[in-house]
Amino acid sequence: MKEVLGVKDSREVETIQIIDAKTALANYVKAVQSGETASQLDFFSESWTTGSGRTKEDVRRSLADEKSIEPGRDKTFDFESSQTTIEGGKVTFDPVINRSGGLFEIVMEQEKDGVWRCTFLGPTAAIDSLAEGSREARETLLDDPFRPTFHFVCPEGIAMPFDPNGAIYWHGRYHLFYIFQDSRLGKRSDHWGHVSSSDLFHWRHHPASLIDGMYSGNCFINREGIPTICYHQVGLGNSMALSLDDSLDRWEKLGSNPITPQTKEGDQFHGRYSSWDPFAWVEKENYYAIFGGKRPAVVQSRSLGGEWNYVGDLFAHGIEGVDLDEDVSCPELFPLGNRHVLLCISHRLGCRYYIGDWRDEQFYPEKHGSMSWVDNAFFAPESLLDDKGRRIMWAWIMDEPHFGVRMKSGWSGTLSLPRVLSLDEDSNLMIEVPQEVETLRYGELSLSERVIDSDKDLLVEGLFGNQLEIDLELSSEEAVSFGIKVCVSDAGTEETLIGYNYKSSALFLDTLNSGPEDTPKAIESAPLSLGLGEPIHLRVFIDRSVVEVFANKRQAIARRIYPAEASSLSVRLFSRGGRARLKHLNSWKMHSSNSF
């Protein structure tokens, strides 16, 4: 009981102290308004100082100047809306608004004569704390040894999922949206972040205006020439939003949302489709949208805000090797060459694609391929068409397979390098890196032709680091496998292998020894058939925790690695089961393009 009374008495004392401090501050404001200099000077303690180092003596000299004592409303403080705290007998008002517009922190203490006086006056700590928090977060991210520097990453916090969305080339800039989460609305919800770039690597951040329950979708130009987003609105269904400005900063969600055709039990098409992961476009007089899911569907409308009708199944028929009921999410349908490509994921298999034809309001697939083979860690593709006629895509590279997040780092969300897609004369998918990546290069190193002996490694002298591009060409008529090792430690206990296996006709990326036991480990193999005598041409990009490799413009693999040894920076060439020949090797260090 005594402890309870003691707490109560303490609170009463603090309340009285705050009232007395406020009264002293109010009296100072009155003295300034009336021009009464003695009371103004007495307001300040002899120990008073400002954030810039001014003392009471400076105030005394200032008040001696007649101009400084001219009464004026603009020289006083409004502290009624400030936050008041008390600790250790000190009462702090912050922020206090100066009538001329400044924001300040004022600290008051009761001195030996019983009078409350100001002991500190300086710029508001409230603003400082915001800046300091931002600075601390930025410097923490910059200090993270695994944070990529030229692969686009989530600017702050943990984004899970981190699907890229709404990509569009508009008025000379590449715009890209991405899913992130926060609690700005009082509950944790999904929003779309927004960045744009003129060169695909240096990104400017835009306001996040597409908020609250925003899930996957795309951006297209409607019949009136306005950028339009088709997306999944959590709790409502597939929906539309229109851009209100050329910067794509302001958007309006249609009042007619959702666009999902409504059915009820007993209707002809009830249960035939899901309102999930849409992709929309305009074709002649009609708008179309794909609804993703296990039975992807096509819907159609004459107007964005009009009635949307179910057309039928997306697929005209199945294709060998792929279950017709395989999940089709994050769909993207676009013309490429003289064919159409359906880019998508399944949650089980990761990123994949179909090549075929779109006609008569259905897709007729002829080929199917994957961009993720051993797991689903390469996920959620998104693409756009730029002014050069290039089809450029991105995908989310997970921290760890199966939606694993490295929580301790305090951030999560990494995209692949932009990939330029095209078709060869046989309608096979071609994958390249855009030329703009070359602007990040510096510190070139070249290696001339040489032999790699069987079952031995060849150290590439002078080449080391974890922000590199390496371009090399290898061939062999006898080796089973050959390639390049990156991020190799001095003892060879950590290494990441990239190579070609003749027996399995596959490009592979081996991360079994890339880092400690608790880091992701896999051998990801992608089908790649080389013709007789055809060399393997590799472009390898190392960006701290990302290794992304492109082979012969026909295949690509991306994986995450987390080496623990400080020496895991060297590069070696290897050959197994026979000799191999290096035809050329050029490497560059890579500048960072991310702000942090």
Side-chain angles (χ1 to χ4, degrees), residues 164-178 191-200 203-211 214-233 237-260 277-291 298-309 311 330-338 340-343 358-359 361 381-394 418 420-421 434:
N165 285 292
I168 190 168
Y169 185 81
W170 178 250
H171 289 328
R173 294 188 70 82
Y174 299 90
H175 289 263
L176 187 62
F177 296 82
Y178 57 90
H191 317 295
W192 278 17
H194 177 199
V195 291
S196 70
S197 172
S198 60
D199 65 3
L200 293 169
W203 296 94
R204 174 189 178 270
H205 290 276
H206 291 249
S209 57
L210 288 163
I211 63 171
M214 297 289 302
Y215 243 60
S216 294
N218 74 301
C219 189
F220 66 98
I221 305 300
N222 69 22
R223 281 203 301 262
E224 285 69 46
I226 298 172
T228 303
I229 278 175
C230 182
Y231 67 99
H232 182 74
Q233 178 71 55
N238 294 342
S239 300
M240 293 280 185
L242 295 177
S243 173
L244 301 178
D245 62 18
D246 283 341
S247 297
L248 310 188
D249 287 339
R250 297 184 298 118
W251 295 82
E252 180 180 21
K253 297 181 180 182
L254 296 190
S256 56
N257 286 332
I259 64 169
T260 308
D277 278 18
F279 175 86
W281 71 99
V282 60
E283 185 176 317
K284 297 180 180 178
E285 299 85 13
N286 295 322
Y287 289 100
Y288 289 92
I290 296 170
F291 283 16
V298 176
V299 298
Q300 175 266 340
S301 178
R302 299 284 290 185
S303 65
L304 286 174
E307 182 182 2
W308 286 77
N309 299 299
V311 174
C330 305
E332 291 254 326
L333 179 66
F334 49 84
L336 197 62
N338 60 357
H340 278 80
V341 172
L342 175 65
L343 192 60
W358 166 260
R359 64 177 184 270
E361 298 182 323
E382 178 70 17
S383 76
L384 57 75
L385 184 70
D386 75 356
D387 62 332
K388 301 178 180 65
R390 299 180 298 180
R391 175 60 60 173
I392 302 173
M393 69 156 283
W394 293 261
V420 181
L421 306 181

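All figures in this text were calculated on a predicted structure; none of them were measured in a lab. Here, residue 1 is the first one in the sequence, and each next residue gets the next number.
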Mind checking what makes ring-ring contact (aromatic ring centres under 6.0 Å, His included) contact with [X], not counting sequence neighbours?
{"X": "F279", "value": "W281"}
{"X": "H205", "value": "none"}
{"X": "W192", "value": "F177"}
{"X": "Y169", "value": "Y174"}

Which atom pairs, one a donor and one an acceptor, fall under 3.5 Å between side chains of residues 224-231 and the rest of the protein, sequence neighbours left out?
residue : atom : partner : partner atom : Å
T228    : OG1  : N222    : ND2          : 3.1
T228    : OG1  : I226    : O            : 3.0
Y231    : OH   : Q233    : OE1          : 3.1

ask   = Got a sec, which residues hit salt bridge (charged side-chain N to carboxylate O under 4.0 Å, His left out) with R390, two or more places apart in sequence or on another chain?
value = D386, E436

query = By salt bridge (charged side-chain N to carboxylate O under 4.0 Å, His left out), which residues pair with D387, not counting sequence neighbours?
reply = none

query = Who pairs with D199 by side-chain hydrogen bond (donor to acceptor under 3.5 Å, both in side chains), at least two apart in sequence or on another chain?
reply =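 D199 satisfies side-chain hydrogen bond (donor to acceptor under 3.5 Å, both in side chains) with S197, H202 only.
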
Partner set under side chain to side chain contact (heavy atoms under 4.5 Å, CB included) for [X], not counting sequence neighbours:
{"X": "I211", "result": "R184, L185, H191"}
{"X": "N286", "result": "Y288, Q300, R302"}
{"X": "S301", "result": "S303, W308"}
{"X": "D245", "result": "S243, S247, D249, R250"}

